[in-house]
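Just so it is clear: chains get the letters A, B, ... in the order the sequence lines come, proteins before strands, and each one is counted from 1. Everything quoted here is computed from the prediction, not taken from an experiment.
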There are 2 protein chains.
Amino acid sequence: MKKKISLKDIAQKVGVSTATVSYVLSKDKESKVSIKVAEKVKKAAKELNYHPNQIAKSLKMGKTFTIGLIVADISNPFFSHIARIIEDEATKLNYTVVFGSSDEKADRSWDLINFLANRQVDGFILAPTEGSEEQIKYLQEENIPFVLIDRYFPEIDTNYVVVDNYQAAFGAVNRLIDTGHKRIGMLAYLNSLHHMRDRINGYKSALKQNNLEDDTNWLHEIDFFNIEKEVKSAIDKMLEGKLRVDAIFFATNTLAVIGLKYIDSLKYKIPDDLAIISFDQGEAFDFYYCPLTYVKQPLDELAKNAVKVLTRKIENPSARKEQICLSAQLIVRKSCS
Amino acid sequence: MKKKISLKDIAQKVGVSTATVSYVLSKDKESKVSIKVAEKVKKAAKELNYHPNQIAKSLKMGKTFTIGLIVADISNPFFSHIARIIEDEATKLNYTVVFGSSDEKADRSWDLINFLANRQVDGFILAPTEGSEEQIKYLQEENIPFVLIDRYFPEIDTNYVVVDNYQAAFGAVNRLIDTGHKRIGMLAYLNSLHHMRDRINGYKSALKQNNLEDDTNWLHEIDFFNIEKEVKSAIDKMLEGKLRVDAIFFATNTLAVIGLKYIDSLKYKIPDDLAIISFDQGEAFDFYYCPLTYVKQPLDELAKNAVKVLTRKIENPSARKEQICLSAQLIVRKSCS
DNA sequence: TTCTTCATTTTAATCGTTTAAATATCTAAA
DNA sequence: TTTAGATATTTAAACGATTAAAATGAAGAA
């Protein structure tokens, strides 16, 4: 069992104090150690293959160079893409990323925050769940830097990086209207989080501005924990009777995937029987027999800004809050023509 | 700026030494602290909302309860699914997961291993890249616990959890043969890693056992860093002339997605013009106009076993090596009938 | 009263760094 | 030769926990 090399070993080998070694290895230029000694220390460090123990350093410095990333589910492509970009940006700045999935559950999110805060992460990037306001306030009270991503709480003054969901939804639904659709349904989550309300409001506004009546059977809010079943019954409702919808707007990737599978099984044809637009991209959307029109969120910018805002806040606690709202892009393809 | 509560603060408040507090909070039952004092300490800890500093604990104990996960790319669904399961299993055992993406590059992988080892992760779960043998040997020399996942090096005696790729490929190709196909092409990566060689060998064996000649134009090994272009030219080659293939076996999800998009653009119809089987599942595969037959890898078992083997090794360094090989399942659907 | 014994609590070292402050060494001017 | 001043190096405390070992104190025995 080879023991780890520490400053002490180098000090011993060279015959100086650990302080000197530390100065050479971590201050170098700015230190006042003589060149002669410095050279010897560096040589010894190399020979012994010394690597500083970052845990000890963290304890002393009160900084871990670690970012806690909390998302709903790391295996959801939306979040895993974001995670990847965050990883790359963090690496450039010498940070490590530790992650956790909340499964949209506030208590899981609480556990994760505590767990990671005890491990002294320098800050958090989080996609907050419904009902996690007190957690956010806790972080503020504890002065732990964080930035919200994807979702935010308009009534709490925090750093955040989000997409303009209202405009994105508004634009998407308008596109459906422009292409002659008049009875447009929407599938969203039953969720009070602002990003979802914005998507729904964008949809409603577009209908209203175009004087399209708004049937109660057209908007369906799906319980996140019972998606499959509720999507099916929602689609059944939308498609029954002679006043059935002629287009559907899906508020997320997951809803679209499940919904379209069901629509296929009912033998409806896109875009002739039904036009479709969905939020988020997905490999599946390209692959569908009728390539889907979708709202493309700027994942790259979202993630890069999150890291930038967070690290700025970590390095300068008095940095003023940043609230970034990016626009999404509608990628138009066959499913809505 | 609220300062963090430490053992010292509790000690002060109760009027005892930090040792006593530590005994109460971390040993409790087995400690010999009087019930009276113990109660007071617990009460104070609760009142002050004390949370132990895990960094300090890690330094003292020489254990961080952290697992380093190194995969090719966390945004690849294959790996993000695995990451999610690893996360869940690790959480149950009180471990945190930190991750890094190697992009299949050995030097990136080296950097990640060093970076995370300096942060004193207790062990690694890694999907090794081509040419990373020396890294594996380094971990062995340094006595850092690790387990390989998805890929392994047969010539190095390590812990690993992998899938029987040979059998999986052999079975898939046999299925194509059973359904009457005689000229079967394969798209794989140009990679010396054993998991890829096994898939290729499984394919070759199946052809040979069925006395199907094996045309040099049928197997194409694609450079990982130039996928798009090489997939297209490989498919062009497979489909040219009158001896064109009547089925294609894709060695990975990514190859299949890119390949099928190209095949679609050429207006070939699955399964009539061409039968298809691919490795790995993918949302897209369900969504394709002709649902794809695929080799389903047991991601759950893969990840769960990896965590189990690793934590066992961490907790008992003398645990003997475990080499687990799981079987994949062929999910048969329309694309090969 | 003095000595054991035992339960309880504290002291102090430790993990591997950093860094302010103290000390030692050297140079050059008086 | 002395000494101020600069330069180089070490000492020692600190970060926040753990834990072996020493100390304390009270009860019971002699």
Once you round it to whole Å, what is the distance between P of dG16(C) and CD of Gln120(B)? 9 Å

May I ask you to verify if any side-chain N or O of Thr20(B) is less than 4.0 angstrom from the OP1 or OP2 atom of dT10(C)? yes

For the pair Glu315(B) and Lys63(B), find out whether any cationic side-chain nitrogen is under 4.0 Å from an anionic carboxylate oxygen. yes

Please report the distance, rounded to the nearest Å, between CD in Glu39(A) and P in dA8(D). 14 Å

In whole Å, what is the span from the CD1 atom of Ile10(A) to the C1' atom of dT17(C)? 12 Å

In whole angstroms, the gap separating C1' of dT10(D) from CD of Gln12(A) amounts to 15 Å

Could one point to a donor on the side chain of Tyr50(B) or the base of dA17(D) with an acceptor on the other under 3.5 Å away? no

Identify whether the distance between the nearest side-chain nitrogen and carboxylate oxygen of Asp9(A) and Lys13(A) falls below 4.0 Å. no

Please report, rounded to the nearest Å, how far the C1' atom of dG16(D) is from the CG atom of Asn53(B). 6 Å

Whole-Å distance separating the CD1 atom of Ile55(B) from the C1' atom of dA17(D): 12 Å

Counting N and O atoms only, with roles assigned by atom type, does the side chain of Glu130(A) sit under 3.5 Å from a partner on the main chain of Ser192(A), one being a donor and the other an acceptor? yes

Distance-only donor-acceptor test, Lys60(B) side-chain atoms vs dT18(D) base atoms, 3.5 Å: yes

Could you tell me whether the side chain of Asn118(B) reaches within less than 4.5 Å of the side chain of Asn53(A), counting heavy atoms only? no

Tell whether Lys32(A) reaches the base of dT9(D) with its side chain through a donor-acceptor pair below 3.5 angstrom. yes

Could you state the atom-to-atom distance from NZ of Lys40(A) to C1' of dT9(D) in whole Å? 13 Å

DNA chain C: 5'-proximal contact among Met61(B) and Ser34(B) (nearest heavy atom): Ser34(B)

If only side-chain N and O atoms of Lys27(A) are considered, is one of them under 4.0 Å from the OP1 or OP2 phosphate oxygen of dT19(C)? yes

Leu7(A) side chain: which of dT17(C), dT18(D), dT9(D) is closest? dT17(C)

dT18(D) phosphate, OP1 or OP2, under 4.0 Å from Ser26(B) side-chain N/O: yes

Exercise: do Arg119(A) and Thr64(A) side chains pair donor with acceptor under 3.5 Å: no

Nearest to the side chain of Ser22(A), which nucleotide is it out of dT17(C), dT18(D), dT18(C)? dT18(C)

To the nearest 10 degrees, what angle separates the axes at the start and end of the helix from dT1(C)-dA30(D) to dA30(C)-dT1(D), five pairs each? 90°

Salt bridge (Lys or Arg N to Asp or Glu O under 4.0 Å) assessment of Glu47(B) paired with Lys42(B): CA-CA 9 Å; Glu47(B) 278 173 20; Lys42(B) 286 186 207 160; over 6 Å; no

Do the side-chain N or O atoms of Lys57(A) get closer than 4.0 angstrom to the phosphate oxygens (OP1, OP2) of dG16(C)? no

Out of dT9(D), dT17(C), dC15(D), which has the shortest distance to the side chain of Lys8(B)? dC15(D)

With no angle test and no hydrogens, is the base of dA20(C) tied to the side chain of Tyr23(A) by a donor-acceptor pair under 3.5 Å? yes

Within this structure, what is the CD-to-C1' distance between Gln54(A) and dG16(C), rounded to whole angstrom? 11 Å

Minimum-distance nucleotide (side-chain atoms of Ala56(A) versus dT10(C), dT17(C), dC15(C)): dT17(C)

Check whether any side-chain N or O of Ser6(B) sits under 4.0 Å from OP1 or OP2 of dG16(D), and answer yes or no. no

Looking for any heavy atom pair under 4.0 Å, which part of the strands does Ser58(B) touch: base, sugar-phosphate only, or nothing? nothing

Looking at Asp103(A) and Arg84(B), is any side-chain nitrogen of the basic one under 4.0 Å from a carboxylate oxygen of the acidic one? yes

Does Ala56(B) offer a backbone N or O that forms a donor-acceptor pair with the side chain of Ser58(B) under 3.5 Å? no

